[in-house]
Structure formats: structure tokens, C-alpha cells
Student: 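A single structure is presented below for examination.
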There are 2 protein chains.
Amino acid sequence: MHKGFVLYCLCDVIYDGRAYSTLERGNYLIIYKPDGSLLIHGSSKSTPRNYQSVGSKVDLHFKNGGGGVLVSNNNNETITINIHHVIFIEHLHKWSDNDIIISKTEKELSEKLITNWSKYIKGDFVSITREFKTSLGPVDIVGIEANNTHHVVEVKRRKASISGCTQLKRYIDSLSEHVPVLGYLASPSISATAFEYLKKLNFTWIEIGFD
Amino acid sequence: MHKGFVLYCLCDVIYDGRAYSTLERGNYLIIYKPDGSLLIHGSSKSTPRNYQSVGSKVDLHFKNGGGGVLVSNNNNETITINIHHVIFIEHLHKWSDNDIIISKTEKELSEKLITNWSKYIKGDFVSITREFKTSLGPVDIVGIEANNTHHVVEVKRRKASISGCTQLKRYIDSLSEHVPVLGYLASPSISATAFEYLKKLNFTWIEIGFD
DNA sequence: ATATGTATCTCGCTC
DNA sequence: GAGCGAGGTACATAT
């Protein structure tokens, strides 16, 4: 199947793979993209009822009488759509493939923190590194002082929650075996419980946002 | 706007809200649902280029000459679609709103572990509780022995990674202040680094899957 | 409304 | 390909 299409039809759906699900007979909107993506949308919610990711193989087969079957296969994931009645099908010619250009990301926030480092963290720094590698994963930013103290910063672009503290603690645990460390969580805001936990761990919260 | 529709058109898109993004002029598929969901799909990937969640207010306005503007507003999130040329628009009548019925979820795995508890964990248990509350969030399962030892189990329905270990450690840290604890991570499989970290933390991996 | 975790997460990046 | 984390995550649930 070369071109994408959008199909509105009366159908029911069975999915089997990582999980198993059924969708009872009804009118659903089905979108197929040339890269193999398949989406089945109901009349509410922005996430599809069923879906298949890039790379799936689709076989659409119409029978005499208006019905048909669409089978999508991707590794061990299968979606079977029993089509009872086609309401419309439109093929999508010259469908564009551009990506959005986005800003206000976590990366931007990290860069802002590094650019204005001395405004947020005091010390005699020898280096400041983004995506600093540890044995338990990369840290957003690590600043190293002349006395080898590592200032470890986890950056969140949204309100920080308890899982952000946990993530920071993991990096600190990894590094503190070898070097002196200080921990920071940088975000526009932070939940009350996360802030309590952070204090308990002797880490510092840095307030930073997009102006 | 009462009914949903699917619109294929030449347009460009600007989003402003939590982040900011632009999508250059091209042919995109736009889906609008009666609950306010709005999706803008390009010809690849299963996720939309831009979207608006449930509850947004849409204003679609066509001009003489075939062009138009669609503006979607939701709290402080705005999508503006400049429509240069409509290729087709279809309104979706009697669009179904059923949910899928799903199985093979994490909840099912937890229930399987509880049902066959003695096959996985040895001890003289007084209680086994799902969604056991701690000060740092609920644990999937906690089994308590007569001697008050708490067996703390974090369940993952897929291959466990290092973040699952971190999550378990947080619960253990919370409970170990008050009671003796033992930690377990239960999943169908586990990554090598996660397994190493788990051993280091003196926790136990339980292999459990969907038959 | 806030907080927390799951997801058939998806996607991108690094090793 | 595996592993890890971001995401305008969305979504359900509990408080």
C-alpha cells in the first residue's frame, strides 16, 4: 500500500500483542500512513482507541457486498478490523512530511541555566557539562569545582514532582561513591511533597523558567 | 461546532502555549472531535504534528476564495491553522464513543502474583496488600509477615529498566525508617544494568509474565 | 484542583 | 538493536 488514506466505517476491532483488546462494533475513523502507522479513532479523546506504530504491514481486502477486512501486522502485534460498511474512504495525495519546529524545551532551559550559571550556583568552577555520563544514566548538567566537588543538576521544564527527586538521587548515589557531590533540582515550580523530599535529601531547588 | 470532521488541506500551523511551535505550509490531515480534541497529522509517525486536548474551543471560518482560518483555544494553549486550500472535508455522523476492553495489563500481573504468592515469595504472611500507601507514593504490593517484615514488590508489565529499581528504592527508603523491609522487582524480563543495580541494592528480581 | 503512576506509551538519541 | 529519558506527553485515579 503506497499512499495514505482515511476511512470512516462501521467496524469492530481486535488487537493482540503486548496486550489484548477488543473494540465493539461502531463507526470509527481509521487513518493509514504510508510509513505503516495505523490509527483508529473514536469520537472522543485525542489518543486513538487502537493504533499500530511505524513499520506495520497492512492488508486491506474488500469483499463483494461492501464489507472487508483490514489486517495490520508489526512484529508480534496484530490489529484486525472487520469492516461491515464503508461510509467513505479518501486517499491522501501529496501528504506533507514536515516536522514542527519547537521551542521552550528542557534543552533550552538547561542552556539558560548554563549561560547564567553564576546567578544560580556559587563556586569556583572548572567545567560545566551537559548530559554528563554516570553509571546510572546521564545527568542533565554537572559543574565541577577546582576542589573536585560535583554540582549535579537535574532540569525539568515543568513543575517538578517526586520522580524528579528520585532521578536526581540515583545520579547522586552513583557519583557520591567517588567524588564529593551537591544535588540540585531546577524547574519553574515544584510540588509540595517533592520539595519536602528534596529538603530531606539535602538537595537544593533552583527556580528557573522561560522568562 | 457539534459534529466531528476530518479535513485535508494545504495549510500552515502555529502553536503557542506550554511550548511554541510552527509547522511549515503543506498538506496535512486535520481531525476535529466533538469533545474539542484537535489533531494535525503529517504523512509519517503515529503521533500528531500538533494537537489540542479535550475541552478546546474551535472556531472555523472560511473566506471567499477557498481559504480560511481555524483557531483552537484551550486554557492558555492556542493553535492557529491558516488554511490556504481545502482538498476535502468530511463530517462524521454517528461517530461511536466506545472504549476498548483491554487485558494483559500491569494490574493483571499484580493479581497473578498475589494469587500465586507462595510460589514467588517465602514467609509467614499476615497480609498482602495492593496499592500499599507510603509517604512517597503507593507501592504495587506489600506482603507483611508475622514478625512485621515488609516484603515490598514493584511490578512492571514489560522489561524492567533502571527507573523501576529507583522507584522501588524510594519506597524501600520510606518504609525502612519504620519497619524491616525486603525489596522485589517483578517483571517478565529485566535489563542488564537494571539487574546489576538491583543486586547492588540487595533487592530480588521475580520473573513473572503472562503465561 | 493537585499529585502520582501507567502506557500496546511514542520518539529520539546514544552506545 | 538495547537502553535510557523527554514529552506541549495523555489519561486514570486518588486525595
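In what follows, chains carry the letters A, B, and so on, assigned in the order in which the sequence lines appear, proteins first and then strands, with residues in each chain numbered from 1. Because the structure is a prediction, the values reported are computed rather than measured.
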Student: Check the distance between C:dC11's C1' and A:Lys33's NZ and give it to me in whole angstrom.
Tutor: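 A:Lys33 atom NZ is separated from C:dC11 atom C1' by 13 Å.
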Student: Between A:Gly137 and A:Arg157, just flag the one whose closest nucleotide in DNA chain D comes earlier from the 5' side.
Tutor: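 Closer to the 5' end of DNA chain D: A:Gly137.
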Student: Assign A:Ile100 to base, sugar-phosphate, or nothing according to its heavy-atom contacts below 4.0 angstrom with the strands shown.
Tutor: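 If one applies the 4.0 Å heavy-atom cut-off, A:Ile100 turns out to touch nothing in the nucleic acid.
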Student: So, OP1 or OP2 of C:dT6: does either fall under 4.0 Å of a side-chain N or O from B:Lys156?
Tutor: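 For C:dT6, OP1 or OP2 has a side-chain N or O of B:Lys156 closer than 4.0 Å.
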Student: For a salt bridge (Lys or Arg N to Asp or Glu O under 4.0 Å) with A:Lys45, tell me which candidate from B:Asp35, B:Asp99, B:Asp97 qualifies.
Tutor: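 Running salt bridge (Lys or Arg N to Asp or Glu O under 4.0 Å) over B:Asp35, B:Asp99, B:Asp97 with A:Lys45 returns exactly one hit, B:Asp99.
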Student: Which is true for B:Glu131 with a 4.0 Å heavy-atom rule: it touches a base, it touches only sugar-phosphate, or it touches nothing?
Tutor: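 Result for B:Glu131 = nothing.
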Student: Whether A:Tyr197 contacts C:dA3 is assessed here as follows: a side-chain N or O lying under 4.0 Å from the phosphate OP1 or OP2. Is that the case?
Tutor: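 Checking C:dA3 against A:Tyr197, no side-chain N or O comes under 4.0 Å of OP1 or OP2.
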Student: Find the distance A:Leu136:CG to C:dT14:C1' and express it as a whole number of Å.
Tutor: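 Taking CG of A:Leu136 and C1' of C:dT14, I get 16 Å after rounding.
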Student: Atom CG of B:Asn50 to atom P of C:dC11: distance rounded to whole Å?
Tutor: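 B:Asn50 atom CG is separated from C:dC11 atom P by 15 Å.
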Student: Among the nucleotides C:dG5, D:dG7, C:dT6, which one has an atom lying closest to any side-chain atom of A:Thr105?
Tutor: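 Among C:dG5, D:dG7, C:dT6, the one nearest the side chain of A:Thr105 is D:dG7.
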Student: Taking any heavy-atom pair under 4.0 Å as a contact, classify A:Lys45: base, sugar-phosphate, or nothing.
Tutor: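 Sugar-phosphate only.
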Student: Below 4.5 Å, heavy atoms only, C-beta onward: do A:Asp59 and A:Lys57 meet side chain to side chain?
Tutor: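 With C-beta onward as the side chain, the pair stays apart.
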Student: Specify the separation, in whole Å, of atom CG of B:Leu39 and atom P of C:dT10.
Tutor: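 Spelled out: CG on B:Leu39 to P on C:dT10 is 16 Å.
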Student: If each of B:Val155 and B:Ser46 is mapped to the nucleotide of DNA chain C with the nearest heavy atom, which maps nearer the 5' terminus, i.e. the 5' end?
Tutor: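 The residue mapped nearer the 5' terminus is B:Val155.
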Student: Of A:Ala19 and A:Asp99, whose nearest nucleotide on DNA chain C comes first from the 5' end?
Tutor: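 It is A:Ala19, whose closest nucleotide lies nearer the 5' terminus.
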Student: Ignoring hydrogens and geometry beyond distance, is the side chain of B:Gln52 in donor-acceptor contact with the base of D:dG8 at under 3.5 Å?
Tutor: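 Looking at the base of D:dG8, it does pair with a donor or acceptor on the side chain of B:Gln52 (distance under 3.5 Å).
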Student: Any side-chain heavy-atom pair from B:Leu23 and B:Asn50 closer than 4.5 angstrom?
Tutor: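 Sidechains of B:Asn50 and B:Leu23: in contact.
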Student: What does B:Ser21 touch in the nucleic acid at a heavy-atom separation under 4.0 angstrom: a base, only the sugar-phosphate, or nothing?
Tutor: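 It contacts nothing in the nucleic acid.
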Student: Looking at B:Ser191, does any N or O in its side chain come under 4.0 Å of the phosphate oxygens OP1/OP2 on D:dC4?
Tutor: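 So the side chain of B:Ser191 is within the cut-off, an N or O lying under 4.0 Å from OP1 or OP2 of D:dC4.
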Student: Does A:Arg130 place a side-chain N or O at less than 4.0 Å from the phosphate oxygens OP1/OP2 of C:dC13?
Tutor: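 No, A:Arg130 has no side-chain N/O under 4.0 Å of OP1/OP2 on C:dC13.
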Student: For a quick test of reading the model: is some side-chain N or O of B:Lys107 closer than 4.0 Å to OP1 or OP2 of C:dT6?
Tutor: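 Looking at the OP1 and OP2 atoms of C:dT6, neither is under 4.0 Å from any side-chain N or O of B:Lys107.
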Student: Take atom CD of A:Glu154 and atom C1' of D:dG7, then tell me their distance rounded to the nearest Å.
Tutor: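 It works out to 14 Å between those atoms.
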Student: Any side-chain N or O of B:Tyr51 below 4.0 angstrom from OP1/OP2 of D:dG8?
Tutor: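 Checking D:dG8 against B:Tyr51, no side-chain N or O comes under 4.0 Å of OP1 or OP2.
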Student: Classify the nucleic acid contact of A:Ala194 as base, sugar-phosphate or nothing, counting any heavy atom under 4.0 Å across all strands shown.
Tutor: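 Nothing: the residue A:Ala194, judged by heavy atoms under 4.0 Å, touches no strand.
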Student: Could you tell me if the ring centre of A:His41 sits under 6.0 Å from that of A:Tyr28?
Tutor: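 No, they do not, as the ring centres are separated by 6.0 Å or more.
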Student: Using the P atom as the point on both nucleotides, what is the distance between D:dG8 and D:dC4, in whole Å?
Tutor: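 Pairwise P distance, D:dC4 against D:dG8, rounds to 23 Å.
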Student: Starting at atom CG of A:Asp35, determine the distance to atom P of C:dG12, rounded to an integer number of angstrom.
Tutor: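 So the two atoms are 11 Å apart, to the nearest Å.
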Student: Contact class for B:Arg49 vs. all strands (heavy atom < 4.0 Å): base, sugar-phosphate, or nothing?
Tutor: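 No contact at all - B:Arg49 keeps every heavy atom at 4.0 Å or more from the nucleic acid.
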Student: Looking only at side-chain N and O atoms, does B:Gln167 come under 4.0 Å of OP1 or OP2 in C:dT4?
Tutor: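 No.
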Student: If you check the A:Thr193 side chain, which of D:dA6, D:dC4, C:dA3 turns out closest?
Tutor: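 So the side chain of A:Thr193 is nearest to C:dA3.
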Student: Before accepting this row, confirm whether a basic side-chain N of the pair A:Glu154/A:Lys156 lies closer than 4.0 Å to the acidic partner's carboxylate O.
Tutor: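 Here A:Glu154 pairs with A:Lys156 in a salt bridge, since their nearest N and O are under 4.0 Å apart.
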Student: At under 4.0 Å, does any side-chain N or O of B:Ser53 touch on OP1 or OP2 of D:dA10?
Tutor: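 Answer is yes, contact under 4.0 Å.
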Student: Kindly say if B:Lys133 contacts the phosphate of D:dA14, meaning a side-chain N or O under 4.0 Å from OP1 or OP2.
Tutor: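 B:Lys133 to D:dA14 OP1/OP2: no side-chain N or O under 4.0 Å.
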Student: Quick check on the 6.0 Å ring-centre criterion: do B:Phe125 and B:Trp117 meet it?
Tutor: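 B:Phe125 vs B:Trp117: aromatic centres under 6.0 Å.
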Student: Starting from P on D:dA10, measure out to CG on B:Asn75 and report it in whole angstrom.
Tutor: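 Those two atoms, CG and P, are 12 Å apart.
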Student: For A:Lys159 and C:dA3, is the shortest distance between a side-chain N/O and OP1 or OP2 below 4.0 Å?
Tutor: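 It does, given that an N or O in the side chain of A:Lys159 lies less than 4.0 Å from OP1 or OP2 of C:dA3.
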Student: Return no unless some side-chain N or O of B:Arg18 is found under 4.0 Å from OP1 or OP2 of D:dA10.
Tutor: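 Yes, B:Arg18 has a side-chain N/O under 4.0 Å of OP1/OP2 on D:dA10.
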Student: If you assign each of B:Ile162 and B:Tyr15 to its closest nucleotide in DNA chain D, which residue comes earlier from the 5' end?
Tutor: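 Per heavy-atom nearest nucleotide, the more 5' residue is B:Ile162.
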Student: How close do B:Ala160 and B:Ser187 get, counting heavy atoms only, and between which atoms?
Tutor: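 Taking B:Ala160 first and B:Ser187 second, the nearest heavy atoms are CB-OG, 3.5 Å.
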Student: D:dG8, OP1 or OP2 - any side-chain N/O from B:Tyr20 closer than 4.0 Å?
Tutor: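 For B:Tyr20, the contact criterion (side-chain N or O under 4.0 Å from OP1 or OP2 of D:dG8) is not met.
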Student: Between A:Thr47 and C:dA7, is there a side-chain N or O to OP1/OP2 distance below 4.0 Å?
Tutor: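 The answer is no; no side-chain N or O of A:Thr47 sits under 4.0 Å from OP1 or OP2.
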Student: How close or far is atom P of D:dA12 from atom CD1 of B:Ile102, stated in whole angstroms?
Tutor: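 Whole-Å distance recorded here is 12 Å.
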Student: Do A:Lys119 and A:Glu207 sit within salt-bridge range, that is, some charged N less than 4.0 Å from a carboxylate O?
Tutor: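 Looking at A:Lys119 and A:Glu207, the cut-off is not met.
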